[in-house]
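Whatever order the structure lists ligands and atoms in, that order sets their numbers, starting from 1.
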Amino acid sequence: MTNSETKATLSFSDGSPSLEMPIYKGSIGPDVIDIRKLYGSTGMFTYDPGFMSTAACNSSITYIDGDKGELLYRGYPIEQLAVNGGDFLETCYLLLNGELPNAEQKKEFVTTVTHHTMVHEQMQFFFRGFRRDAHPMSVLVGTVGALASFYHDSLDINDPHHREVSAIRLIAKMPTLVAMAYKYSIGQPFVYPRNDLSYSANFMHMMFSTPCEPYKTNEVLVRALDRILILHADHEQNASTSTVRLAGSSGANPFACIAAGIACLWGPAHGGANEAALSMLEEIGSVDNIPEFIAQVKDKNSGVKLMGFGHRVYKNYDPRAKLMRETCYEVLQELGLQDDPLFKLAMALEKIALEDEYFVSRKLYPNVDFYSGIVQRALGIPTALFTGIFALARTVGWIAQWKEMISDPEQKIGRPRQLFVGSAKRDVPAIDKR
Ligand code: CMC
């Protein structure tokens, strides 16, 4: 961490002596005040539910400027990576290693990932324990956690080689597990990976081919899926990534940590929003119903939110949402669905919301999930699997952040404190006195 001569002085109105705390500068973005000695010096904690003002770690992977609507992976703007960059595996290499691969490094990386795509044959029995109508996220939490029981040779978190092998295994096997979850839910046989296909084309093959009929890959659709994966690959210290880091801070193995991240991602305020946004559009049904829906959203007692809108960090247009809208358009064109009523409804809803005082004053803009559901539906991915695709994409971000944390000399077990507001010490009364 960059040290700095600048200090913050904290003074107290109760006459306690003031306290100096170091300020550290990042390479870009807000400075941080190091409050680690606060409790030892004053006996006080800071109070920050939801981590509104707390940097929990230092990181050099992903940077977001929420006011500008900017997202950088290792310094590269997401727009360049999604449009001019290579495929998803290049982004994976970048997030894991800090630099884009040259041609030789890329070839080697692709070969390594490709040769880890099969899962242990016995994994099938885990799937068979689930009901066919189980939510794919519950299947993924279970099966990704179960990977730890198959790969004992890569569980030593203190061994850099083990960490590397686990990272590759997770990135390589997630598409296989997500596709298996889908096949299981529709009662079709599992489809083995094909090493002659790209990462995204192979995923579509495992999703959509059957023993009776191979799946013909369509370049536009494969590129769209690849873009979805790139856009979701990392997003600095969001809820699921922080969950992975917290789970990993105790020394838990990487498969267990990623299973924890998947559990967190499942929630509708996080990864579940793409599924919720599509359901919302289906419920609204037509452009005529938008005003009534917007009125409900503004009524705080209704509990209705405009799903796919708003973000803790972006107070401007989410750059991923712009790219996703473009992709949405391309995919619908390719499939001859340019008049898709849900896409039209989404664009009308976006326009009305962006002009409405409620959304403008709160700086609520579309986020990545506003359009990703429409794209995924057009690709043939069922709604219940949307968050699973997000988990597939985010696995590389989670594992890159986990690796960074393990190698950080300042890393400690994560252990937040609390402001206790319950009963003070008291005696247990006899049952007849209660
Ligand atoms: N619809 C209506 N009102 C909203 C929305 C929304 N989608 N989002 C925020 N607000 C209001 C909120 O009620 C509050 O109003 P007020 O100041 O009057 O109380 C104000 O805007 C600030 O919101 P907040 O809840 O304090 O913001 P937050 O940073 O805690 O929450 C969020 C961020 C993403 C959880 C929230 O915007 C939300 O629930 N959005 C819908 C779900 C969604 O699309 N999530 C996907 C996020 S992007 C993908 C990912 O990272 O997983």
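- Taking each of Q296, H270, M307 in turn, the one with a heavy atom nearest to atom 51 (O) of ligand 1 proves to be H270.
- Using a 4.0 Å cutoff on heavy atoms, K298 does not count as a contact of ligand 1.
- There is a side-chain donor-acceptor pair under 3.5 Å between D34 and Y24.
- Side-chain atoms of T6 do not come within 3.5 Å of backbone N or O of I23 as any donor-acceptor pair.
- Taking any N or O of K300, backbone or side chain, at least one lies under 3.5 Å from an N or O belonging to ligand 1.
- Figure legend: cation-pi geometry between R325 and Y329 absent, as NZ or CZ is not positioned both under 6.0 Å from the six-membered ring centre and within 45° of its axis.
- Salt bridge annotation for R223-E334: absent, with no cationic side-chain nitrogen under 4.0 angstrom from a carboxylate oxygen.
- At a threshold of 4.0 Å, the pair D67-K315 does not count as salt-bridged, since none of the basic side-chain nitrogens sits closer than that to a carboxylate oxygen.
- Here the heavy atom of the protein found nearest to atom 34 (C) of ligand 1 is G310 O, 3.7 Å.
- A salt bridge is defined here as a Lys NZ or Arg NE, NH1 or NH2 lying under 4.0 Å from an Asp or Glu carboxylate O, and R74 with E99 fails to meet this definition.
- Protein non-hydrogen atoms do reach within 4.0 Å of atom 13 (O) of ligand 1.
- Note that atom 46 (C) of ligand 1 has protein non-hydrogen atoms nearby, at separations under 4.0 angstrom.
- At least one heavy atom of V297 sits closer than 4.0 Å to an atom of ligand 1.
- The shortest N or O to N or O distance between A269 and ligand 1 is below 3.5 Å.
- Shown in contact with G271 at under 4.0 Å from a heavy atom are these atoms of ligand 1, numbered in order with element: 52 (O).
- A perpendicular orientation is assigned to the rings of F359 and F309, their planes being inclined by more than 60° (bins at 30° and 60°).
- For atom 27 (O) of ligand 1, no protein heavy-atom neighbour is found at a distance under 4.0 Å.
- Looking at atom 41 (C) of ligand 1, its nearest protein heavy atom turns out to be F309 O, 3.4 Å.
- Residue-level proximity to ligand 1 for R362 is carried by the side chain, the only part with a heavy atom below 4.0 angstrom.
- Residue L306 has at least one N or O atom closer than 3.5 Å to an N or O atom of ligand 1.
- Only the side chain of L364 comes within contact range of ligand 1, with a heavy atom under 4.0 Å; no backbone atom does.
- Within the 4.0 angstrom cut-off, atom 32 (C) of ligand 1 has no protein heavy-atom neighbours.
- Residue G308 has at least one N or O atom closer than 3.5 Å to an N or O atom of ligand 1.
- Using a 3.5 Å distance cut-off with no hydrogens or angles, the side chains of Q237 and R245 do pair a donor with an acceptor.
- Taking the centre of each ring, F126 and H120 stay at or above the 6.0 Å mark.
- Contact annotation: the side chain of I399 approaches that of L96 to within less than 4.5 Å [non-hydrogen atoms, C-beta and beyond].
- In terms of protein heavy atoms, atom 30 (O) of ligand 1 is closest to R312 NH2, 3.0 Å.
- In this structure, the ring of F130 has its center no less than 6.0 angstrom from the ring center of Y184.
- Residue-ligand proximity, Y358 to ligand 1, at heavy-atom distances under 4.0 Å covers atoms 2 (C), 3 (N), 4 (C), 11 (C), 13 (O).
- At a heavy-atom distance under 4.0 Å, atoms from both the backbone and the side chain of H311 approach ligand 1.
- Contact of the F203 side chain with the L229 side chain is not registered, since no non-hydrogen atoms from C-beta on lie closer than 4.5 Å.
- For atom 23 (O) of ligand 1, the nearest protein heavy atom lies 4.0 Å away or farther.
- Which parts of ligand 1 touch A273 is read off a 4.0 Å heavy-atom cut-off, strictly below it: atoms 43 (C), 44 (O), 45 (N), 46 (C).
- Residue, atom and distance of the protein heavy atom nearest to atom 49 (C) of ligand 1 are D369 OD2, 3.2 Å.
- Ligand 1 has no atom lying under 4.0 Å from any heavy atom of F370.
- Residues passing the side-chain hydrogen bond (donor to acceptor under 3.5 Å, both in side chains) test with H311, sequence neighbours excluded: none.
- At least one N or O atom of K305 sits closer than 3.5 Å to an N or O atom of ligand 1.
- Exactly one residue among V144, V139, L385, I381 makes a side-chain contact (heavy atoms from CB on, under 4.5 Å) with V178. That residue is L385.
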